Amino acid sequence: QVQLVESGGGLVQAGGSLRLSCAASGSTFSRYAMGWFLQAPVKERDFVAAISWNGGSRYYADSVKGRFTISRDNAKNTVYLQMTSLKPEDTAVYYCAAHETRTALLSILSYDYWGQGTQVTVSS
């Protein structure tokens, strides 16, 4: 079983950047595919980005392609989401998630473990 803790959220102006981190503990991190999801107020949780166990495969939602980058450091048990050119519509709580498999996963239903989320607010 893996525990996940996100950090790095905050308030930023439109056009700015943030880097989210998700630290994993309790299990061998490299056994897990990782994903980032967001949830805006009164909306469903949506896919943002996913990465395979070794970083060899990465996928993004169309809304963030070219602006966000997912990466991982298995030696540090951490997955990152670098967010640039932020827009007010990126405002949401961002969650990282894990599933024990090598393949990157896009569906929210595939993930077993979730962090508590970190708030990202982008002002116009």
Side-chain angles (χ1 to χ4, degrees):
Q1 189 168 350
V2 63
Q3 291 81 45
L4 305 172
V5 179
E6 301 96 335
S7 61
L11 174 64
V12 64
Q13 289 188 333
S17 300
L18 281 175
R19 188 177 80 156
L20 305 184
S21 299
C22 173
S25 63
S27 188
T28 304
F29 183 62
S30 60
R31 292 164 58 177
Y32 292 85
M34 302 296 296
W36 285 97
F37 292 78
L38 64 81
Q39 188 165 18
V42 301
K43 291 190 176 180
E44 294 184 346
R45 196 170 295 187
D46 288 332
F47 170 75
V48 176
I51 190 168
S52 61
W53 71 283
N54 64 351
S57 297
R58 309 181 194 200
Y59 299 95
Y60 299 92
D62 289 342
S63 59
V64 307
K65 280 180 183 176
R67 300 189 299 123
F68 291 11
T69 303
I70 188 171
S71 62
R72 67 188 296 159
D73 185 339
N74 286 348
K76 294 184 177 180
N77 294 343
T78 302
V79 62
Y80 304 98
L81 186 68
Q82 179 69 50
M83 306 187 293
T84 63
S85 302
L86 282 161
K87 306 174 182 180
E89 51 263 43
D90 295 321
T91 295
V93 177
Y94 284 73
Y95 298 88
C96 71
H99 180 73
E100 191 173 349
T101 186
R102 293 194 164 196
T103 307
L105 303 169
L106 280 66
S107 170
I108 191 172
L109 299 176
S110 299
Y111 289 91
D112 305 301
Y113 304 102
W114 294 84
Q116 83 290 347
T118 185
Q119 176 71 47
V120 171
T121 303
V122 184
S123 63
S124 57

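Everything numeric here is computed off the predicted structure, so don't read it as measured data.
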Of all heavy-atom pairs between T91 and A40, which one has the smallest distance, and what is that distance?
-> O-CB, 3.9 Å
Non-hydrogen atoms of A92 and L38 that approach each other most closely = CB-CB, 3.8 Å
Can you check salt bridge (Lys or Arg N to Asp or Glu O under 4.0 Å) on D90 and K87, steps first, answer last?
-> CA-CA 5 Å; D90 295 321; K87 306 174 182 180; over 6 Å; no
Here the pair of heavy atoms bringing G55 nearest to R58 is O-NE, 3.3 Å
Give the cluster check for L18 versus V48: same hydrophobic cluster or not, with ILVMFWY residues linked at side-chain heavy-atom distances below 4.5 Å.
-> yes
Could you give the distance from CD1 (I51) to OG1 (T103), rounded to the nearest 0.5 Å?
-> 13.0 Å
Kindly say whether S52 contributes a backbone atom to a donor-acceptor pair with the side chain of R72 at under 3.5 angstrom?
-> yes
Shortest non-hydrogen separation from A98 to Y32 and the atoms involved = CB-CD2, 3.9 Å
Distance (rounded to the nearest 0.5 Å) between F29 CZ and M34 CE | 4.5 Å
CD-OG distance between E89 and S63, expressed to the nearest 0.5 angstrom | 9.0 Å
Mind checking the CZ-CE spacing from R19 to M83? Nearest 0.5 Å is all I need.
-> 11.5 Å
How long is the span from the OG atom in S30 to the CG atom in D73, to the nearest 0.5 Å?
-> 11.5 Å
For L105, the hydrophobic cluster (side chain heavy atoms closer than 4.5 Å, chained through members) also holds F37, F47, Y59, V93, Y95, L106, I108, L109, Y111, W114
What orientation do F68 and Y94 show, parallel under 30°, tilted 30 to 60°, or perpendicular over 60°?
-> tilted
Short question: side chain of Q82, backbone of T69 - any donor-acceptor pair under 3.5 Å?
-> no
Connected hydrophobic set around V5, excluding itself, where side chains approach under 4.5 Å = none
Within 6.0 angstrom of Q116 CD, more than 12 heavy atoms from elsewhere | yes
Find out if a path of hydrophobic residues (ILVMFWY) with successive side-chain heavy-atom gaps under 4.5 Å connects W53 to I70.
-> no
Mind running side-chain contact (heavy atoms from CB on, under 4.5 Å) on L11 and Q119 for me, showing each step along the way?
-> CA-CA 8 Å; L11 174 64; Q119 176 71 47; over 6 Å; no
Minimal heavy-atom distance between Q39 and K43, with the atoms involved, is NE2-O, 3.1 Å
If you measure from CG on L86 to CD on Q13, what distance do you get to the nearest 0.5 Å?
-> 11.5 Å
Could you tell me whether the side chain of E6 and the main chain of G117 form a donor-acceptor pair under 3.5 Å?
-> yes
Do the side chain of T84 and the main chain of S17 share a donor and acceptor less than 3.5 angstrom apart?
-> no
